[in-house]
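Shown next, in structure tokens, is the structure this report addresses.
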2 protein chains.
Amino acid sequence: MANIRDIARLTGYSVSTVSRVINNNPYVSEEKRRKILAVMEEVNYIPNYTARALSVGKTKNIGVILPFVNHPYFDRLLSGITTAAFARGYKVTLLATNYDPQVEEAYLQEFAAKSFDALIITSRANPIETLLPYRSYGRIVFCENISYLTDGCTYIDREESIKEVFTYFKEQGIQKIGVTLGRSRKLSSNSKITVRLAHDYFSTFSEDLIFWDCLTEEDGKEAAAYFADKGVEAIFTNGDHVAAGIQSQAPGEWLVIGRDNLYISELLQLSTIDHHLQACGETAVQLAVMEKSGNYRMPYEFIKR
Amino acid sequence: MANIRDIARLTGYSVSTVSRVINNNPYVSEEKRRKILAVMEEVNYIPNYTARALSVGKTKNIGVILPFVNHPYFDRLLSGITTAAFARGYKVTLLATNYDPQVEEAYLQEFAAKSFDALIITSRANPIETLLPYRSYGRIVFCENISYLTDGCTYIDREESIKEVFTYFKEQGIQKIGVTLGRSRKLSSNSKITVRLAHDYFSTFSEDLIFWDCLTEEDGKEAAAYFADKGVEAIFTNGDHVAAGIQSQAPGEWLVIGRDNLYISELLQLSTIDHHLQACGETAVQLAVMEKSGNYRMPYEFIKR
DNA sequence: TTGTACGCGTTATCAA
DNA sequence: TTGATAACGCGTACAA
């Protein structure tokens, strides 16, 4: 593997001149440029990416912390992130945590070690206090509404969308609802908001009307069994695929509402909230590369069917 | 940001000793190790990842070339890849091409520039001849059966699974079928195999019984319209989500068969092929990190419903 | 327009 | 068990 010094030696010019050719610096005579390019071609020279990154101090790489892929919520978000990152010449590296706090911290350490130019946290496994100090190492974007931050947050409008759904429930005369959620309210802002609003809107609501750890369609089926004897009239789910799992077990049993506006909800004629996750991912990248600053709440659509 | 030399200066020991502490090298006296660790802690020192990568010549990073995310096929594959990579201490960076050959080559150049320890090509935009030379820069794994390679390929068993489906069609007395495909047969081995076998099994088959560029559920709906007057009895699709799109437009009109074994196919009671994409992704990583060698064809399941 | 020399932050070799 | 020093490969002030 030839390096820049080899090219310098082979052409008889200096390392800097070769570097200028590599970087399209105009201050190189045409003749030398041609010759240098010829030699580079001949020995199949390719500048080392890591060395450049070290020298310049930038990697053109954005790290994305998420629990896992192959889940509608994160895949949508990721789609927006990759699209936007790509358009700006950034690559995206996946940092899967499976919600393990230790693993997440290891990634934060890597970020601190300058592995990525920026970090996007789509969902976290540690308390926010653990993460905040790492902001001194570079840009960290949160896909979550962190109240005491005025910059670097982009989030879907859970607060308003859920209120609209719950108001809709009331209009339909519904008194008692169940909800499905992904994980304990400790860290998930979605869980926190959902539970709070459920209590606000429904005096009948209680902790045993929550079906936790609900991630997949299969989990949705189990949720259906769980709610069978709970006397709820409607179920507010944490995803269309979950809603579909529930609906498949007991069609028409409850007013089931999903999220994400997946095709499956159209197919089953289930109402759903489109939280514009794709746009959220794109905004996250804009924040990550400092193209934008501030906090951004995405608009949403409640699709009634 | 303190560096290793700062730590050396601050502790009064040499850079090498500090490096040994960082890397848990046993040849350091306990007293020095303690003191060095204390100072590292105090000034919040974190070894620079890029510098280590440059020095060692490895990045612990696997690049994955794919057209886009948020598509069942690639999301499944990616899920297997991230899981397996994670378990082995590798990170995964997404290299989205959107099927642009130029972009793909740019990624290959980055690979040649030592940006990744290995490359996994899940789908390509260039002819195989363009890619092969890059194997001299490091490990490249193809998720595709490349006949004249005896190593570094892992692929789903399209040949046999499609034969089984087509045989099943014949058993059902079906004489004329339509197929949906993602993109031109030039580069997609799936398209190539499907078209070849369709001709082999069905004398009635012709090019106008192919609905191309079929990627999403919405495309599936268009496919349904396309096949409305083609007189086909069955449609072999390139994905359960596409199959669902077709089925939604004209339930029971055709015998529709999907692929990927998504939940939606269970819901609609559509037959499907489970190609074990997750396992394919995991195997790709094992090949990438040289834990395995050779070619691997994944087993499949034809799920009749 | 060109070249020298140093910085980027580590790891590895070798001598002590 | 330690430390000096040379890689690793590139970018870039600075001087010429």
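In what follows, chains are A, B, ... by sequence order, proteins preceding strands, each numbered from 1.
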Any idea how A/Phe68 and A/Phe74 line up, ring-wise: parallel (<30°), tilted (30 to 60°), or perpendicular (>60°)?
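Taking A/Phe74 first and then A/Phe68, their aromatic rings stand perpendicular (interplane angle over 60°).
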[X] [atom1] to [N] [atom2], straight-line distance once rounded to whole Å:
X: A/Ile7; N: D/dG11; atom1: CD1; atom2: P; answer: 13 Å
X: B/Lys35; N: D/dT2; atom1: NZ; atom2: P; answer: 13 Å
X: A/Ile36; N: C/dT1; atom1: CD1; atom2: P; answer: 14 Å
X: B/Arg9; N: D/dG3; atom1: CZ; atom2: C1'; answer: 16 Å
X: A/Asn24; N: D/dG11; atom1: CG; atom2: C1'; answer: 15 Å
X: A/Met40; N: D/dG9; atom1: CE; atom2: C1'; answer: 14 Å
X: B/Arg33; N: D/dT2; atom1: CZ; atom2: C1'; answer: 13 Å
X: A/Asn25; N: D/dA13; atom1: CG; atom2: C1'; answer: 13 Å

Is B/Lys32 touching bases, backbone alone, or none of the nucleic acid, heavy atoms closer than 4.0 Å?
sugar-phosphate
Are OP1 or OP2 of C/dG3 and a side-chain N or O of A/Thr17 less than 4.0 angstrom apart?
yes
With a 4.0 Å cut-off on N to O distance, would you call A/Arg139 and A/Asp151 a salt bridge?
yes
Salt-bridge present (A/Arg34, A/Glu31; N to O < 4.0 Å)
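Not counted as a salt bridge, because no side-chain N and carboxylate O are separated by less than 4.0 Å.
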A quick test of your reading: do over 12 heavy atoms of other residues, nucleotides or ligands sit less than 6.0 Å from CZ of B/Arg297?
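Counting other residues, nucleotides and ligands, CZ of B/Arg297 stays at 12 neighbours or fewer.
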Report, as a single string ordered 5' to 3', how protein heavy atoms within less than 4.0 Å touch nucleotides 7-16 of chain C: B base, S sugar-phosphate only, - not at all.
BBBBBB----
Between A/Tyr296 and A/Asn145, a side-chain donor and acceptor under 3.5 Å:
no
The test is side chain to side chain donor-acceptor pair (under 3.5 Å); show your working for A/Tyr99 and A/Arg183 and say whether it passes.
CA-CA 10 Å; A/Tyr99 286 130; A/Arg183 52 199 192 106; 3.2 Å; yes
